> 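Sharing a structure here in structure tokens format.
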Amino acid sequence: MNEYSVTRRARRRPLSRALSGRASSANSLSSLSLALLIACGFAGAAHADARAGAAPQDPALAQRLRLEESLSRIDRQLYAGYFRQAYARYPLIPAGTLEAVAYVTTRWQHLQPDAAGYGEQHQHMPRAYGVMGLYHGEGFADQAGEGARLLGVPAQRVLRDPASNILAAAALLDRELRADAVNAKSPVEATRAALERYAGFAPSAGAAAKSAVQSHARASFAFDVLSAQDKGVNDRGIVVPARAVAWERAFDAPALLRLRAPFVRLDVAADKVEALGADGGWRIDPLDETLRAPAGSRSEVAAAAEKSTDYPPALWVASPYHSARTSYDSVTIHTMQGYYAGSISWFQNNPNSVSAHYLIRSSDGQITQMVRENRAAHHVGVHNKTTLGIEHEGFIANASWYTAAMYNASAALTRHFCATYSAIGCASAFKGPGGTGINVLPASVKVKGHQHYSSQTHTDPGQYWDWARYYNLLNPGTPGGGSVIDSFESSVGHFDSAPAYSGSTTGISAASLAERNCTTRKNGECSLRVLLKDDAASSNAWAVRLLSGGGNPGSNAALTRAGGKVGVWVYTGASGLSAAVGIDDSDGTERSVARAIPVNTWTYLEWRLDDDAQWDAWVGGANGAITAATVKLDAVWLYRDQTAFDVNVYLDDVQTKN
């Protein structure tokens with residue numbers, strides 16, 4: 001059966017797009033033998049409820065997100081069927097590759113740049129179309145036209161019809177895979193070269209396509225697609241099957257350093273990391289669990305040269321488009337209307353000389369700097385000479401891109417601006433509701449969106465950017481003026497010195513421990529270090545209960561339900577972790593929804609005691625809601641898919657607010 005065996009009725013327009021045209025309010029709905037690397041934590045699919053890690057702090061935004069999610073789930077059920085049809089027609093494509101490409105390029109959203117609510121063509125970026133985000137020229141390759149030619153259908157069908165769009169992408173990818181003799185039985189990492197050619201950033205001919213930056217952009221695209229498969233995705237109807245990637249076969253070690261892969265894979269059988277090449281001495285950083293080059297080696301020198309000198313966590317990839325600066329007066333928040341690798345390519349080579357100072361990746365908060373801070377990037381028209389610009393991966397009509405990792409990375413960068421330039425104050429950041437149009441704010445507001453400046457037509461970051469959340473990240477202190485229950489400055493406080501083994505904790509060994517640590521901390525001098533070690537005799541996923549009060553509920557910290565919140569600062573260098581809390585209620589113990597813990601950044605996780613949607617019944621007669629006026633904190637829970645690696649998690653300043 002080919003794609004035209006499917007009736008027109010079956011291949012209907014996605015429901016969310018069909019509904020969006022029914023009302024005027026549509027806009028608001030809308031080569032080294034490396035015995036390492038393979039993700040400490042990317043082995044299994046992400047928790048479906050981990051999305052709560054970016055819970056909005058604006059109630060109106062939360063309502064819009066619930067509507068967007070319900071509509072998106074319906075669309076994504078259709079897309080899953082279209083992916084199956086594409087694999088049937090192009091059986092050489094390894095399973096999961098198409099889903100991963102769609103995740104990286106659109107988060108499974110059927111992009112229609114001419115439709116209401118899509119947003120403008122930001123920074124003259126080439127427009128992307130459909131579920132697969134295919135380009136149609138405008139400075140990049142004409143993927144849609146070429147895909148249509150391979151299918152023998154009109155280009156407009158590829159641009160508008162989700163099923164045809166997916167098939168066109170499959171045809172393009174199938175062609176590249178055949179050139180490398182890759183098939184469905186090949187290891188997933190064998191697709192890297194084909195993915196790089198498929199990316200479509202620069203036309204295939206010309207110096208731009210051969211430049212080091214363009215090569216980096218293509219490698220970054222392939223890395224993102226492989227990463228999505230390595231960790232797996234299961235989120236709001238988006239499913240990318242997990243397939244372990246042998247990263248040492250996909251990229252050499254220097255490339256992995258440059259791509260800043262936030263994970264490692266060790267030679268578990270040999271219990272070692274092999275030395276590499278003439279340099280030797282490759283190692284894994286014990287804190288953030290990333291690959292490190294040998295000290296004093298050529299690779300270390302090269303890696304240092306690729307770091308930003310303005311902001312060390314960032315990667316440096318130069319754009320040629322910049323001009324003289326006059327002052328440092330503000331920070332501009334953008335949404336790319338595109339994805340990370342494509343934007344890096346565009347800002348390095350485009351006919352309109354547009355650029356930005358920094359770009360941030362959605363999946364993990366990786367940052368690339370492209371213009372020095374002492375120069376003006378070309379991103380906000382007449383205001384270029386006075387402002388610093390941050391581009392965030394994604395599209396303004398899809399909130400899925402705005403992850404906790406992205407918010408945290410962006411806020412840390414903006415705090416750097418506030419600490420470096422006296423005229424920029426984080427306390428003067430915008431904290432009102434997001435919107436869909438132009439809303440010019442006074443010059444006294446120093447951190448604001450593209451849509452908040454005069455003489456603009458762009459409306460990013462748009463209605464789904466959570467300004468309240470961002471403001472609190474910029475001005476952390478004790479979030480919301482809470483009262484600290486445990487600061488871990490002198491002891492483990494209410495917490496045990498080991499996870500509780502009452503039948504509730506699973507997957508970890510008794511060698512796991514919790515101890516006060518004064519090396520890694522968020523506030524003050526110390527934190528609680530939780531070392532988790534796998535139970536080799538068990539294949540269970542990890543569920544770890546850090547019992548409060550030494551197991552005696554009377555010793556637990558008291559909390560007030562009415563208007564109450566409980567939260568904790570969390571840090572880990574391992575991926576795939578999430579956290580929850582347990583509350584002793586009058587009718588049993590309720591356990592909260594889990595929130596994802598972003599990698600390599602301190603994150604504040606919080607739960608409302610009076611919001612029933614944030615609680616599930618656990619033991620006793622619990623009813624899935626906090627009902628008593630006064631309750632006790634039972635435990636902090638940590639979850640992760642089973643792994644053989646040790647994992648460190650750090651907790652600091654457990655707090656309550658009313």
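What you see is a predicted model, and the numbers here were worked out from it, not measured in a lab.
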> Considering all heavy atoms of both residues, which atom of Leu61 and which atom of Gln463 are nearest to each other, and what is their separation?
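Heavy-atom minimum between the residues: CD1-O, 3.5 Å.
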> For the side chain of Thr505 and the backbone of Arg545, is there at least one donor-acceptor N/O pair under 3.5 Å apart?
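Checking the backbone N and O of Arg545 against the side chain of Thr505, a donor-acceptor pair under 3.5 Å is found.
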> If I take atom CZ from residue Phe488 and atom CG from residue Asn517, how far apart are they, to the nearest 0.5 angstrom?
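One finds 11.5 Å between CZ of Phe488 and CG of Asn517.
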> Walk me through whether Arg361 and Asp224 qualify under salt bridge (Lys or Arg N to Asp or Glu O under 4.0 Å).
CA-CA 10 Å; Arg361 185 161 64 188; Asp224 287 347; 2.8 Å; yes
> Between the side chains of Thr589 and Asp584, does any donor sit under 3.5 Å from an acceptor?
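Checked: Thr589/Asp584 side chains pair up, N/O donor to acceptor below 3.5 Å.
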> Asp610 and Gly563: which non-hydrogen atoms are nearest, and at how many Å?
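In this case the closest contact between Asp610 and Gly563 is OD2-N, 3.1 Å.
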> Using a strict 4.0 Å threshold on nitrogen-to-oxygen distance, state whether Asp646 and Lys533 make a salt bridge.
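Yes, this pair counts.
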> Scan side-chain atoms only and decide if Trp542 and Asp534 contain a donor-acceptor pair under the 3.5 Å cut-off.
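There is such a pair between these side chains.
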> Just by distance, do the side chain of Ser410 and the backbone of Met406 share a donor-acceptor pair under 3.5 Å?
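Absent.
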> Is it true that Arg107 and Ser362 share a donor-acceptor pair across their side chains at a distance under 3.5 Å?
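A donor-acceptor contact under 3.5 Å links the two side chains.
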> If we ignore hydrogens and angles and just use 3.5 Å, is the side chain of Arg76 paired with the main-chain N or O of Arg236 as donor and acceptor?
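Yes.
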> For Trp637, does the six-membered ring have the charged nitrogen or CZ of Arg591 within the cation-pi criterion, i.e. under 6.0 angstrom from the centroid and within 45° of the normal?
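So Arg591 does make the cation-pi contact.
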> Compute the ring centroids of Phe430 and Trp465, then answer whether they are less than 6.0 Å apart.
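No: the rings miss the under 6.0 Å criterion.
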> Are any non-hydrogen side-chain atoms of Ser330 and Thr387 less than 4.5 angstrom apart?
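In contact.
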> Do you know which two heavy atoms are closest between Arg529 and Asn648, and how far apart they sit?
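Where Arg529 meets Asn648 most closely, the heavy atoms are NE-OD1, 2.9 Å.
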> Between the side chains of His450 and Thr459, is a donor N or O closer than 3.5 angstrom to an acceptor N or O?
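No pair is found: no donor N or O on one side chain lies under 3.5 Å from an acceptor on the other.
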> Taking Ala562's backbone N and O only, do any of them form a donor-acceptor pair with Thr560's side chain (distance below 3.5 Å, no angle check)?
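Here the side-chain-to-backbone pair does not exist.
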> Angle class for the His110/Tyr79 ring planes (parallel below 30°, perpendicular above 60°, tilted otherwise)?
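His110 and Tyr79: tilted rings.
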> Distance-only, no hydrogens or angles: does the Asp535 side chain make a donor-acceptor pair with backbone N or O of Ala537 under 3.5 Å?
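Yes; judged by distance alone, with no hydrogens or angles, the pair exists.
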> Which value, rounded to the nearest 0.5 Å, describes the distance between Leu609 atom CG and Leu633 atom CG?
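Leu609 atom CG to Leu633 atom CG measures 9.5 Å (nearest 0.5 Å).
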> Rounded to the nearest 0.5 Å, how far apart are NZ of Lys657 and CZ of Arg608?
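These two atoms lie 9.5 Å from each other.
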> I'd like to know whether Asp653 forms a side-chain contact (heavy atoms from CB on, under 4.5 Å) with Val568, so could you lay out the CA-CA distance, the side-chain angles of the two residues, the decisive distance to 0.1 Å, and finally the verdict.
CA-CA 6 Å; Asp653 284 10; Val568 58; over 6 Å; no
> Does Glu590 use its side chain to pair, donor to acceptor, with the backbone of Val581 at less than 3.5 Å?
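A pair under 3.5 Å: no.
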> Would Thr332 and His334 satisfy side-chain contact (heavy atoms from CB on, under 4.5 Å), going step by step from the backbone distance to the final call?
CA-CA 6 Å; Thr332 306; His334 297 275; 3.4 Å; yes
> Where is the tightest heavy-atom contact between Tyr604 and Glu606, given as atom of each residue plus distance?
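What the structure gives for the nearest pair is CE2-OE2, 3.4 Å.
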> Going by atom types alone, do Asn523 and Asp652 pair a side-chain donor with an acceptor below 3.5 Å?
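No.
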> Please report the interatomic distance CG(Leu638) to CD1(Ile597), rounded to the nearest 0.5 Å.
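That separation rounds to 5.5 Å.
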> If you measure from OG on Ser72 to CD1 on Ile238, what distance do you get to the nearest 0.5 Å?
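Rounded to the nearest 0.5 Å, the OG-CD1 separation comes out at 8.0 Å.
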> Where the side chain of Thr643 meets the backbone of Phe645, is there a donor-acceptor pair that is under 3.5 Å apart?
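At least one qualifying donor-acceptor pair exists.
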> With sequence neighbours left out, write down each residue that passes ring pair (Phe, Tyr, Trp, His ring centres under 6.0 Å) with Trp602, or none if nothing qualifies.
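Partners of Trp602 under the ring pair (Phe, Tyr, Trp, His ring centres under 6.0 Å) test: Tyr571.
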> Does some side-chain heavy atom of Asn398 sit less than 4.5 Å from a side-chain heavy atom of Thr106?
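Counting from C-beta outward, Thr106 and Asn398 never come under 4.5 Å.
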> Return the orientation label for the Tyr470 and His392 ring planes: parallel under 30°, perpendicular over 60°, tilted otherwise.
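The arrangement is perpendicular - the two ring planes meet at more than 60°.
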> side-chain contact (heavy atoms from CB on, under 4.5 Å), that's the test. Do Trp569 and Leu651 meet it? Break it down for me.
CA-CA 6 Å; Trp569 285 99; Leu651 309 181; over 6 Å; no
> State, with a plain yes or no, whether a side-chain heavy atom of Val131 is found less than 4.5 Å away from one of Thr105.
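No; the side chains remain at least 4.5 Å from each other.
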> Minimum heavy-atom separation for Tyr639 and Ala580, please, with both atom names.
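Heavy atoms only, the tightest pair is CE1-CB, 3.7 Å.
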> Pair Trp607, Ser592 - check side-chain hydrogen bond (donor to acceptor under 3.5 Å, both in side chains), show working.
CA-CA 7 Å; Trp607 297 265; Ser592 73; 3.2 Å; yes
> Are the side chains of Val654 and Val484 in touch, meaning some heavy atoms are under 4.5 Å apart?
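No - every pair of side-chain heavy atoms lies 4.5 Å or more apart.
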> According to the interplanar angle, ranging from 0 to 90°, do the rings of Tyr402 and Tyr407 count as parallel (below 30°), tilted (30 to 60°) or perpendicular (above 60°)?
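The rings of Tyr402 and Tyr407 sit tilted, inter-plane angle from 30° to 60°.
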> Taking the six-membered ring of Trp467 as reference, does the cationic atom of Lys431 (NZ for Lys, CZ for Arg) lie under 6.0 Å from its centre and within 45° of its axis?
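No, cation not above the ring by the 6.0 Å, 45° rule.
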> Side chains of Val240 and Gln229: does their closest heavy-atom pair fall under 4.5 Å?
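They are in contact (side-chain heavy atoms under 4.5 Å apart), so the answer is yes.
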> Can you find a heavy atom in the side chain of Asn408 that is under 4.5 Å from one in the side chain of Leu473?
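In short, these two side chains touch, coming nearer than 4.5 Å.
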> Measure the shortest side-chain to side-chain distance between Ser428 and Val445 over non-hydrogen atoms and say whether it is less than 4.5 angstrom.
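They are not in side-chain contact.
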> Yes or no on side-chain contact (heavy atoms from CB on, under 4.5 Å) for Thr572 and Tyr650, after CA distance, side-chain angles and deciding distance?
CA-CA 6 Å; Thr572 184; Tyr650 298 86; over 6 Å; no
> Would you mind telling me which of Ile583, Asp611, Asp612 makes a side chain to side chain contact (heavy atoms under 4.5 Å, CB included) with Ile626?
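So, applying the side chain to side chain contact (heavy atoms under 4.5 Å, CB included) to Ile626 and each of Ile583, Asp611, Asp612, only Ile583 qualifies.
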> Would you say the rings of Tyr103 and Trp108 are close, in the sense that their centroids are separated by under 6.0 Å?
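Ring centroids of Trp108 and Tyr103 are no less than 6.0 Å from each other.
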> So do the side chains of Val599 and Asp364 get within less than 4.5 Å of each other, counting heavy atoms only?
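With C-beta onward as the side chain, the pair stays apart.
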> Would you check if the side chain of Thr420 reaches a backbone N or O of His416 as a donor-acceptor pair within less than 3.5 Å?
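Yes, the answer is positive, given that a donor and an acceptor are paired below the 3.5 Å cut-off.
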> Could I get the full list of side-chain contact (heavy atoms from CB on, under 4.5 Å) partners for Ala427, not counting sequence neighbours?
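Tyr471, Asn475.
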> What pair of heavy atoms forms the shortest contact from Val331 to Tyr453, and how long is it?
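That would be O-OH, 3.6 Å.
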> How long is the span from the CG atom in Leu359 to the CE atom in Met336, to the nearest 0.5 Å?
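Interatomic distance, Leu359 CG to Met336 CE, rounded to 0.5 Å: 4.0 Å.
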> Do Asp585 and Thr627 have a side chain donor and acceptor closer than 3.5 Å?
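Side-chain D/A pair, Asp585 to Thr627: present.
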> Could you check whether any side-chain N or O of Glu515 sits under 3.5 Å from a backbone N or O of Val530, counting only pairs where one atom can act as donor and the other as acceptor?
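Side chain of Glu515 to backbone of Val530: no pair is present.
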> Going by salt bridge (charged side-chain N to carboxylate O under 4.0 Å, His left out), name the pairs with one or both residues in residues 440-452, residues two or more places apart or in two chains.
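Passing the test, one end in residues 440-452: Asp329-Lys446.
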> For the residue pair Glu391 / Tyr340, report whether a side-chain donor-acceptor contact shorter than 3.5 Å exists.
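Their side chains do not contain a donor-acceptor pair, so the 3.5 Å distance test is not met.
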> Check whether the side chains of Thr656 and Ser483 place a donor and an acceptor atom closer than 3.5 Å, and report yes or no.
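Side chains of Thr656 and Ser483: no pair found under 3.5 Å.
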> Looking at Ser527 and Thr520, would you say the former's side chain and the latter's main chain have a donor-acceptor pair under 3.5 Å?
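Side chain of Ser527 to backbone of Thr520: a pair is present.
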